[in-house]
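Only this structure's heavy atoms are used, side chains among them; waters, hydrogens and symmetry mates stay out.
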Amino acid sequence: MNILRKIATPFVAIWRWIKETAWVQPLLIVGIIFAIIFSIPSITKGIQGLINQSDSDLAYFEDNELSMEGTRIGEWNSEVDQFFANFQDAQTSWANGDKETAKELLNQYSNGNDRFFLFFVQDNCDGCGNLKTGLEYLNDNWDTYMPATDSKGVKVPPMSFVSIVPNREFDDDTYYEEQDTTPIAVTMTSPQYLYFYDEAMSVVKNTDFYLNSGVATDDGSTVQSTLYANTEKLVDPTGLQTPTCILFDLTDANESTHIITEIFNAPDGSDKYTYATFMKNAWTYDSLFSPDYRS
């Protein structure tokens, strides 16, 4: 205690002098005001940097965005609506053994490579930023990360994806305000989207990622329970989790009756290297995405 008292003594003396010296107090107040004023640009710059980073993260996905513009209850004519209509037809064909028709219906989304991701992403989403970081680094270092063939023996195709931005609004379209709804809420009422949702729910517990992720966390939950709950929110316009990542596989190596083969949320990890490795494993069915992981 004596040591602490000695350390504090000079500061106490300075504070007493300030209180007892009247002319110092206004100078101190003015100095504090100027310090706050001069610090505002730095604070603003920092906030703007965070906003710009969020915009940059979302911009990465926008080039491949499926637009919800024009979706209407009972009509559903947007790009997103057409995607889910094509998916329904493709899944029906696939389940009936007509894989070629299924591929033709969806090859515009896979760049002809028969495998692609659907990402639900939006701004102000840390997990979406991690996803973008991993994908960007992975594509920049493709030859380093990617084997010639995946764990199913298929030649690894170039990465391809489409995205949906669930909080997207269209200011020049008064339909949603008049109907007291949002584009994503309308999209989620379409029969084609509900078909997709039913497929996702029927698949999620059978994916290798789900089966390999039954590890309890500190709060008692598991990756499995969280993933299942998040998949259920695919029909909740206000609770939809971003990112939600869904892998569609129309390669001949997919011997299941389902086109959807994996569902997960943000890539696991703490830096660009682990994010990239996670996405590489998802694309090639390795590690947590491989049935061999459990053996």
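In this structure the side chain of D268 never reaches within 4.5 angstrom of the side chain of V223, judged on heavy atoms. For the pair Y109/F87, no side-chain contact is recorded, criterion being any heavy-atom separation below 4.5 Å from C-beta on. For the pair Q192/F196, no side-chain contact is recorded, criterion being any heavy-atom separation below 4.5 Å from C-beta on. Taking the side chain as every heavy atom from C-beta outward, F120 and I246 approach each other to under 4.5 Å. Side chains of Q241 and C125 form no contact here, defined as non-hydrogen atoms less than 4.5 Å apart. At least one side-chain heavy atom of W76 sits less than 4.5 Å from a side-chain heavy atom of P191. P166 places a side-chain heavy atom less than 4.5 Å from the side chain of T242. The shortest distance between side-chain heavy atoms of F61 and V165 does not fall below 4.5 Å.
With values rounded to the nearest 0.5 angstrom, F117 atom CZ is found 6.0 Å from W283 atom CH2. Rounded to the nearest 0.5 Å, atoms NZ (K155) and CG (N113) are 9.5 Å apart. Here the straight-line distance linking atom CG of N130 with atom CG of N265 works out to 12.5 Å at 0.5 Å rounding. Here the straight-line distance linking atom OH of Y137 with atom OH of Y273 works out to 5.0 Å at 0.5 Å rounding. Rounding to the nearest 0.5 Å gives a distance of 8.5 Å between CG of L247 and CE of M279. A distance of 8.0 Å separates OG of S163 from CG of L118, quoted to the nearest 0.5 Å.
The backbone N or O of Y176 sits nowhere less than 3.5 Å from a side-chain atom of T182 that would complete a donor-acceptor pair. Proximity of a side-chain donor or acceptor of N139 to a complementary backbone N or O of L135 within less than 3.5 Å is detected. Judged by distance alone, with hydrogens and angles left aside, the side-chain atoms of Q91 form a donor-acceptor pair with the main-chain N or O of T257 at under 3.5 Å. Using a distance-only test at 3.5 Å, with no hydrogens or angles considered, no donor-acceptor pair links the side chain of D249 to the main chain of T261. N212 places a side-chain N or O within donor-acceptor distance of the main-chain N or O of L288, the cut-off being under 3.5 Å. One N or O on the side chain of E79 and one on the backbone of S67 form a donor-acceptor pair closer than 3.5 Å. Using a distance-only test at 3.5 Å, with no hydrogens or angles considered, a donor-acceptor pair links the side chain of D81 to the main chain of S78.
The shortest heavy-atom contact between A90 and L105 is N-CD1, 3.5 Å. In terms of heavy atoms, N281 sits closest to S287 at ND2-CB, 3.5 Å. Summarising the geometry of L58 relative to V121, their closest heavy-atom pair is CD1-CG2, 4.2 Å, with the distance given to 0.1 Å. Pairing each heavy atom of K205 with each of L211, the nearest pair is O-CD2, 3.5 Å. Heavy-atom minimum distance, P147 versus V156: O-CG2, 3.4 Å. Heavy-atom minimum distance, L194 versus M188: CD2-O, 3.4 Å.
Between the side chains of S110 and N107, no donor N or O sits under 3.5 Å from an acceptor N or O. Defined by atom type and a distance below 3.5 Å, a donor-acceptor pair is missing between the side-chain atoms of D150 and Y285. Side chains of D98 and T101: a donor on one and an acceptor on the other come within 3.5 Å. Side chains of R72 and N77: no donor on one and acceptor on the other come within 3.5 Å.
Between K152 and E255 there is no salt bridge, since no side-chain nitrogen of the basic residue lies less than 4.0 Å from a carboxylate oxygen of the acidic one. Electrostatic pairing of K99 and D252 does not count as a salt bridge here, judged by no charged N lying under 4.0 Å from a carboxylate O.
Between F209 and F289, the ring-plane angle classifies as parallel under the 30° and 60° cut-offs. Taking the six-membered ring for Trp and thresholds of 30 and 60 degrees, F119 and F161 have ring planes inclined between 30 and 60 degrees apart.
Hydrophobic clustering keeps W142 apart from Y275 (ILVMFWY residues linked when any side-chain heavy atoms are closer than 4.5 Å, directly or through intermediates). Under the 4.5 Å side-chain heavy-atom criterion for grouping Ile, Leu, Val, Met, Phe, Trp and Tyr, I260 is not connected to V154 through any hydrophobic cluster.
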Chi angles and distances behind the side-chain contact (heavy atoms from CB on, under 4.5 Å) call for V235, Y193: CA-CA 9 Å; V235 287; Y193 185 90; 4.2 Å; yes

Residue pair N86, Q108: steps toward the side-chain contact (heavy atoms from CB on, under 4.5 Å) verdict: CA-CA 10 Å; N86 287 340; Q108 61 183 301; 3.5 Å; yes

I259/L106 under side-chain contact (heavy atoms from CB on, under 4.5 Å): CA gap, chis, key distance, verdict: CA-CA 10 Å; I259 293 174; L106 295 180; 4.2 Å; yes

I73 and Y175: CA distance, side-chain angles, deciding distance, side-chain contact (heavy atoms from CB on, under 4.5 Å) verdict: CA-CA 10 Å; I73 295 174; Y175 172 83; 3.5 Å; yes

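No more than 12 heavy atoms of other residues, nucleotides or ligands lie within 6.0 Å of CD in E169, so this atom counts as exposed by the packing criterion. Counting heavy atoms of neighbouring residues, nucleotides and ligands inside a 6.0 Å radius, atom CD of E177 does not exceed 12 of them.
With sequence neighbours excluded, the residues that form a side chain to side chain donor-acceptor pair (under 3.5 Å) with D271 are T274.
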